[in-house]
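Have a look at the structure below before the remarks.
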Protein chains: 2
Amino acid sequence: METNPRQAKVTMQDVANHVGVSRTTVSFVLNGETGNGIPQETRDRVHRAVTELGYRPNAGARALASKQTKLYGLITEIVIAPYAANIVRGAEEQAAREGKTLLIASTDGSIDSDRRAIETMLEHRVEGLIYATSWHRGVRLPALTDEVPTVLVHCFDEAAKLHSVIPDEAQGGYAATMRLIGAGHDRIGFINLDPVIPAAIGRRSGYIRALEQAGIGLDEKLVINEDGEADQGYRAAAALLDGARPPTAIFCATDRMAMGAYDAIKERGFRIGDDISVVGFDNQEIIANYLRPSLTTVALPFRQMGATGVALLAKLAANRDLAPLQHIVECPLVERTSVRLPVPAS
Amino acid sequence: METNPRQAKVTMQDVANHVGVSRTTVSFVLNGETGNGIPQETRDRVHRAVTELGYRPNAGARALASKQTKLYGLITEIVIAPYAANIVRGAEEQAAREGKTLLIASTDGSIDSDRRAIETMLEHRVEGLIYATSWHRGVRLPALTDEVPTVLVHCFDEAAKLHSVIPDEAQGGYAATMRLIGAGHDRIGFINLDPVIPAAIGRRSGYIRALEQAGIGLDEKLVINEDGEADQGYRAAAALLDGARPPTAIFCATDRMAMGAYDAIKERGFRIGDDISVVGFDNQEIIANYLRPSLTTVALPFRQMGATGVALLAKLAANRDLAPLQHIVECPLVERTSVRLPVPAS
DNA sequence: GCGCGTTACTAACGCGCGTTAGTGGATGTG
DNA sequence: CACATCCACTAACGCGCGTTAGTAACGCGC
């Protein structure tokens with residue numbers, strides 16, 4: 001359809017001339033809600049001229065005149081932990097639904113980098129800002145952000161002034177543990193993260209709540225804190241299995257640690273999902289799917305969080321004085337094959 | 001510093017009033033190359049007013065007046081294969097160096113999605129367009145793209161009209177194979193991808209060239225084509241190891257297949273990097289780093305390709321009639337611990 | 001013939017900024 | 001003292017568009 005060779009920037013005026021009406025009329029046809037008294041025939045002629053000339057509205061000019069850019073800014077560390085990319089996906093989908101465009105920038109997380117990114121966004125007059133991190137933690141943003149509605153995703157404001165969307169770590173830990181209990185386990189090892197970070201705190205509380213609910217006493221010897229990497233999972237699992245009363249199931253707070261745990265379990269001649277059950281956390285497809293056997297794990301709801309963040313922005317724009325809230329999103333259990341079926345009754 | 005409570009959009013005129021000069025003067029100070037006859041004292045007063053009022057130039061208005069947006073568009077399937085996110089990083093870094101901002105959009109790869117993304121970019125009057133894919137292949141873009149300089153990254157134009165930046169698969173395959181030969185291996189299994197895709201073709205030709213150069217005959221029984229997933233790597237490795245004259249080293253065309261191969265090797269009681277060497281391809285950190293032992297592999301130079309793509313855009317803008325070229329970027333070998341040291345001499 | 005309501009448009013302003021063509025005063029030159 | 005330079009600025013235009021206020025033509029009832 002478009003027959004516009006190169007760079008000949010067609011303007012609205014060109015369209016108007018081509019049709020033989022005024023620019024205003026063209027503008028009405030293109031944006032108007034059929035409200036203005038323009039007959040269908042004129043509308044058609046305008047539309048025909050638009051495709052014929054390859055006219056494309058100039059977003060900048062339009063923003064200038066209408067005083068709204070329909071732009072949301074998304075700043076993220078995606079580049080460091082690419083697996084959080086689904087935040088971007090969810091955000092884009094929701095933005096598209098609302099007729100907005102996403103302006104994406106990445107940051108390395110440093111204050112300078114954050115500031116530069118935010119500055120760029122503000123120069124482009126975004127109508128809202130989303131700041132997303134690759135791991136759940138507290139952040140403190142440059143004060144620039146009070147110029148525009150802002151939502152934090154997968155992190156929260158240490159000053160508690162900004163809205164945030166975070167995963168329900170406790171419910172995730174609970175779901176993982178319950179899955180193991182449901183399969184008949186009552187000695188469940190837990191390889192957790194550094195106990196001071198939000199993910200570790202939440203997952204642990206879920207673990208404990210599940211045990212309590214099932215009437216199983218908490219045995220601190222079954223809980224080991226590590227930093228999330230595979231070899232630490234290996235070490236911790238080895239320690240658990242070689243201990244006095246080894247567990248029959250292990251809940252790992254990251255899929256990477258589960259990956260290491262797999263090796264320790266296999267080395268000792270146990271079969272995973274049979275002799276010993278494993279549940280991970282994060283649902284890093286690339287690991288969980290391809291581990292042998294595939295890993296039952298808890299997903300961080302990135303896509304959903306991204307979408308929720310954008311949706312929240314719209315609400316904030318409508319009501320800027322909404323008190324800062326923490327929006328909590330459920331972490332679903334993703335069933336694969338590393339947990340044995342319920343025992344038939346012993 | 002900024003003391004701008006909320007949404008009070010400060011314009012250049014406000015700054016001018018505050019200083020007691022005309023808006024033109026402010027504009028000169030802010031953009032001028034010290035060329036105009038404005039004394040340092042006035043400049044200082046303007047700058048002071050700028051920070052005092054929290055003035056921030058309006059990118060849209062500036063673009064409208066200056067007729068350049070300083071915007072590059074980047075369209076990618078990042079969301080599907082997040083590990084290619086380094087393309088974004090490289091592109092952003094290069095864009096920053098050139099004083100440009102990246103407008104990023106993701107696509108699901110469908111024509112419709114591509115078209116929408118490109119359309120959005122063009123409405124924002126990007127000065128160049130980068131289209132990046134998560135796996136090396138031929139693509140065909142909507143014809144819209146001749147309105148603006150366009151570069152393909154990690155893919156190439158089936159119509160051969162567009163510039164592209166692609167990895168040197170053959171050199172990567174050669175490097176991997178040479179590494180194994182250098183460690184003393186002369187029976188080297190090769191688990192390749194679907195033989196019709198560019199990655200498979202290139203890596204195979206590199207494999208063969210290395211063998212030839214070392215005077216090792218090609219044994220087609222040692223080459224197996226699979227689809228890249230872990231369990232296929234497992235199956236293929238098992239077949240190789242259980243064959244009549246098993247290899248002592250395996251070159252896997254993806255790290256995921258190497259992951260599966262690890263299991264097959266371990267199951268048979270071999271020690272990786274000792275009895276049997278393995279080299280992967282892709283350098284998916286999350287796998288290569290955490291596999292036990294860590295995986296020596298060939299990296300796809302995403303970051304570099306992203307940067308090269310942006311740099312190319314600048315050249316294209318200066319000279320639109322550059323004949324379409326394929327820019328080939330080297331794939332470096334990333335040394336880890338899955339290849340044994342050279343044998344001391346038998 | 002007059003007043004009035006529709007219908008189908010258009011003139012003109014302003015969004016925030018870059019930029020060109022000046023302007024008015026101070027300084028130097030013969 | 002007339003004249004040319006500089007110096008330090010400013011008025012005014014236009015970028016592409018949304019939008020408000022208006023206009024001109026027509027039909028209709030009385």
Side-chain angles (χ1 to χ4, degrees), chain A residues 4 7-46 49-50 53-71 99 122-127 147, chain B residues 4 7-46 49-50 53-71 99 122-127 147:
Chain A
N4 186 26
Q7 85 190 9
K9 303 284 182 188
V10 182
T11 87
M12 214 156 170
Q13 186 64 62
D14 298 331
V15 176
N17 293 343
H18 191 264
V19 178
V21 295
S22 78
R23 198 180 55 66
T24 308
T25 300
V26 176
S27 177
F28 281 160
V29 171
L30 261 36
N31 315 350
E33 321 283 322
T34 346
N36 329 69
I38 299 177
Q40 193 55 43
E41 200 242 315
T42 307
R43 305 183 99 85
D44 290 346
R45 277 163 58 219
V46 168
V50 163
L53 298 179
Y55 168 72
R56 202 185 320 279
N58 180 323
R62 165 174 293 192
L64 193 55
S66 70
K67 302 197 145 234
Q68 47 169 327
T69 57
K70 294 184 175 257
L71 234 39
L122 292 180
E123 290 190 4
H124 284 274
R125 298 297 187 262
V126 295
E127 295 168 0
E147 298 181 29
Chain B
N4 186 27
Q7 86 190 8
K9 303 281 182 188
V10 182
T11 86
M12 214 157 171
Q13 186 65 60
D14 297 331
V15 176
N17 293 344
H18 191 264
V19 177
V21 296
S22 77
R23 197 181 55 68
T24 307
T25 301
V26 176
S27 176
F28 280 159
V29 171
L30 261 36
N31 316 347
E33 320 283 322
T34 347
N36 329 68
I38 298 177
Q40 193 54 44
E41 201 242 315
T42 307
R43 307 183 97 85
D44 289 347
R45 278 164 56 219
V46 168
V50 162
L53 298 179
Y55 168 72
R56 201 185 320 278
N58 179 322
R62 166 175 291 193
L64 192 56
S66 70
K67 302 193 145 240
Q68 46 169 328
T69 57
K70 293 184 176 257
L71 234 40
L122 292 179
E123 290 189 5
H124 284 273
R125 298 297 188 262
V126 295
E127 296 168 0
E147 297 180 30

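The sequence lines fix the lettering, A, B, ..., with proteins before strands; numbering per chain opens at 1.
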For [X] and [N], give me the distance from atom [atom1] to atom [atom2], rounded to whole Å.
X      : N      : atom1 : atom2 : value
A:R43  : C:dC9  : CZ    : C1'   : 13 Å
B:M12  : C:dG18 : CE    : P     : 5 Å
B:L30  : C:dC17 : CG    : P     : 9 Å
B:K67  : D:dC13 : NZ    : P     : 18 Å
A:N17  : D:dC17 : CG    : C1'   : 15 Å
B:R125 : D:dC15 : CZ    : C1'   : 12 Å
B:L64  : C:dG16 : CG    : P     : 12 Å
B:Q68  : C:dT19 : CD    : P     : 8 Å

As a test of reading the structure: which of [options] is closest to the side chain of [X], going by heavy atoms?
X     : options                : result
B:R23 : D:dT10, D:dC13, C:dC15 : D:dC13
A:P39 : C:dC17, D:dC15, C:dA8  : C:dA8
B:A65 : C:dG16, C:dC9, D:dG18  : C:dG16

>> So for B:R56 and C:dG16, does any side-chain atom that can act as donor or acceptor lie under 3.5 Å from a complementary atom in the base?
In response: no
Distance check: side-chain N/O of [X] vs OP1/OP2 of [N], anything under 4.0 Å?
X     : N      : answer
B:N31 : C:dG18 : yes
A:T25 : C:dC9  : no
B:T11 : C:dC15 : no
B:R62 : C:dG18 : yes
B:T24 : D:dT10 : no

>> As an exercise, state the distance from NZ of A:K9 to CG of A:N58, rounded to the nearest 0.5 Å.
In response: 8.0 Å
> Which base sits across from D:dC30 as a Watson-Crick or G-U pair, both distances under 3.5 Å?
Replying inline: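 The answer is C:dG1, by the H-bond criterion.
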> Counting only N and O atoms by type, is there a donor-acceptor contact under 3.5 Å from the side chain of A:D44 to the main-chain atoms of A:E41?
Replying inline: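 Pair absent, no side-chain N/O of A:D44 close to backbone of A:E41.
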>> At 4.0 Å (heavy atoms only), tell me whether A:S27 reaches a base, stays on the sugar-phosphate, or touches nothing.
In response: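 Here A:S27 touches the bases of the nucleic acid.
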>> Using a heavy-atom cut-off of 4.0 Å across all strands, would you classify B:S66 as base, sugar-phosphate, or nothing?
In response: sugar-phosphate
> If you measure from the Lys or Arg side-chain nitrogens to the Asp or Glu carboxylate oxygens, is any gap between A:R56 and B:E147 under 4.0 Å?
Replying inline: yes
>> Name the residue from A:L30, A:T24, A:T25 that meets the side chain to side chain contact (heavy atoms under 4.5 Å, CB included) definition with A:F28.
In response: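 Single side chain to side chain contact (heavy atoms under 4.5 Å, CB included) partner of A:F28 among A:L30, A:T24, A:T25: A:T24.
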>> Quick check on side chain to side chain contact (heavy atoms under 4.5 Å, CB included): which of A:V26, A:V46, A:V10 does A:Y55 satisfy it with?
In response: A:V10
